[in-house]
Novice: 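I'd like to ask some things about the structure below.
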Amino acid sequence: MSAEAGVVVLIGRVLFALYFVAVSGVGHIRRSGYFEGYARAMNFPVLAVTGWPAGVWLVVGALSIALGVWPDVGALMIGLFVLIAAAFFHRYWEVADEAQQFLQQSLFWRNAIALGTSLVMFGCFAAFGPELRFTVTAPLFQF
């Protein structure tokens with residue numbers, strides 16, 4: 001990978017990670033009680049991981065991507081989170097209120113886009129392996 005391509009990929013990694021650190025991760029940490037209550041209301045089966053643990057998970061995954069410390073693992077961490085969030089918390093097809101249905105549909109598809117992006121990043125990180133530029137470590141998985 002050329003240095004120029006590496007810079008483009010780095011900018012993309014940082015922009016992607018920024019949301020999951022600054023908005024989602026920190027939000028889950030700061031408003032832990034809110035997220036725990038919402039998970040309880042949605043009958044989420046593992047309440048212990050909602051709130052601040054989910055926030056820490058997101059921050060670690062996002063920093064992994066941005067800093068390049070096993071960025072493939074970070075991409076999988078973000079992907080797993082958004083998959084679970086879409087499946088358990090944003091089931092818009094079950095919502096009767098039209099405004100809430102629209103909101104949940106938007107959040108569901110935002111998570112679907114993030115899942116797709118995470119999978120693409122995982123594949124690129126694993127494919128480039130040690131050739132991935134501007135990282136602290138090489139990806140853990142390589143194919």
Side-chain angles (χ1 to χ4, degrees), residues 1 5-143:
M1 173 184 293
V7 168
V8 171
V9 171
L10 176 62
I11 291 168
R13 288 175 17 212
V14 169
L15 288 174
F16 181 78
L18 187 60
Y19 171 79
F20 289 100
V21 170
V23 178
S24 195
V26 170
H28 274 78
I29 294 167
R30 285 187 178 166
R31 298 177 53 208
S32 187
Y34 168 80
F35 286 102
E36 291 167 7
Y38 186 68
R40 187 174 291 107
M42 298 301 291
N43 296 316
F44 187 67
V46 190
L47 291 175
V49 301
T50 61
W52 72 265
V56 170
W57 177 272
L58 289 168
V59 169
V60 169
L63 289 176
S64 168
I65 292 168
L67 299 174
V69 178
W70 287 344
D72 52 338
V73 174
L76 290 177
M77 290 174 71
I78 298 296
L80 178 62
F81 176 87
V82 296
L83 176 65
I84 291 170
F88 279 94
F89 301 114
H90 304 303
R91 297 184 302 243
Y92 65 90
W93 53 91
E94 295 178 357
V95 177
D97 179 71
E98 190 175 328
Q100 281 299 312
Q101 184 181 47
F102 179 76
L103 173 64
Q104 293 304 321
Q105 184 177 24
S106 298
L107 294 171
F108 176 89
W109 287 109
R110 178 201 62 193
N111 286 339
I113 290 167
L115 176 59
T117 304
S118 295
L119 292 173
V120 168
M121 286 194 313
F122 171 77
C124 289
F125 295 151
F128 280 113
E131 295 176 28
L132 185 62
R133 303 292 293 257
F134 307 112
T135 62
V136 176
T137 68
L140 182 63
F141 300 98
Q142 297 178 27
F143 41 79

Novice: Please report the interatomic distance CZ(Arg13) to CZ(Phe134), rounded to the nearest 0.5 Å.
Specialist: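 With rounding to 0.5 Å, CZ (Arg13) is 9.0 Å from CZ (Phe134).
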Novice: For residues 69-87, pull every pair meeting salt bridge (Lys or Arg N to Asp or Glu O under 4.0 Å), keeping only residues two or more places apart or in separate chains.
Specialist: none
Novice: So, taking the atom named CG in Leu76 and the one named CZ in Phe141, what distance separates them when rounded to the nearest 0.5 Å?
Specialist: 6.5 Å
Novice: For the atom pair CE (Met42) and CZ (Phe89), what is the distance rounded to the nearest 0.5 Å?
Specialist: 7.5 Å
Novice: What donor-acceptor contacts under 3.5 angstrom involve side-chain atoms of residues 14-25, with partners at least two apart or in another chain?
Specialist:
{"unit_1": "Tyr19", "atom_1": "OH", "unit_2": "Arg110", "atom_2": "NH1", "d": "2.9"}

Novice: Which donor-acceptor pairs under 3.5 Å do side chains of residues 111-133 form with protein atoms, sequence neighbours excluded?
Specialist:
{"unit_1": "Thr117", "atom_1": "OG1", "unit_2": "Ile113", "atom_2": "O", "d": "2.9"}
{"unit_1": "Ser118", "atom_1": "OG", "unit_2": "Ala114", "atom_2": "O", "d": "2.9"}
{"unit_1": "Arg133", "atom_1": "NH1", "unit_2": "Met1", "atom_2": "O", "d": "3.0"}

Novice: Give every donor-acceptor pair under 3.5 Å between a side-chain atom in residues 91-100 and any protein atom, sequence neighbours left out.
Specialist:
{"unit_1": "Arg91", "atom_1": "NE", "unit_2": "Glu94", "atom_2": "OE1", "d": "3.0"}
{"unit_1": "Arg91", "atom_1": "NH1", "unit_2": "Phe88", "atom_2": "O", "d": "3.3"}
{"unit_1": "Asp97", "atom_1": "OD2", "unit_2": "Ala99", "atom_2": "N", "d": "3.4"}
{"unit_1": "Asp97", "atom_1": "OD2", "unit_2": "Gln100", "atom_2": "N", "d": "2.9"}

Novice: For Val8, what residues pass the side chain to side chain contact (heavy atoms under 4.5 Å, CB included) criterion, not counting sequence neighbours?
Specialist: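 Not a single residue meets the side chain to side chain contact (heavy atoms under 4.5 Å, CB included) criterion with Val8.
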Novice: Please give me the minimum heavy-atom distance between Gln142 and Pro139, naming the atom from each residue.
Specialist: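 Result for this residue pair: NE2-O, 3.3 Å.
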Novice: Say you draw a straight line from CG of Leu103 to CZ of Phe108; how long is it, rounded to the nearest 0.5 Å?
Specialist: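 One gets 14.0 Å once the value is rounded to the nearest 0.5 Å.
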Novice: What side-chain hydrogen bond (donor to acceptor under 3.5 Å, both in side chains) pairs are there with at least one residue in residues 30-42, not counting sequence neighbours?
Specialist: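 Those involving residues 30-42 are Ser32-Glu36.
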Novice: Please set out all donor-acceptor pairs under 3.5 angstrom arising from side-chain atoms of residues 47-68, sequence neighbours excluded.
Specialist:
{"unit_1": "Thr50", "atom_1": "OG1", "unit_2": "Leu47", "atom_2": "O", "d": "2.7"}
{"unit_1": "Trp57", "atom_1": "NE1", "unit_2": "Met77", "atom_2": "O", "d": "2.9"}
{"unit_1": "Ser64", "atom_1": "OG", "unit_2": "Val69", "atom_2": "O", "d": "2.6"}
{"unit_1": "Ser64", "atom_1": "OG", "unit_2": "Trp70", "atom_2": "O", "d": "2.8"}
{"unit_1": "Ser64", "atom_1": "OG", "unit_2": "Gly74", "atom_2": "N", "d": "3.4"}

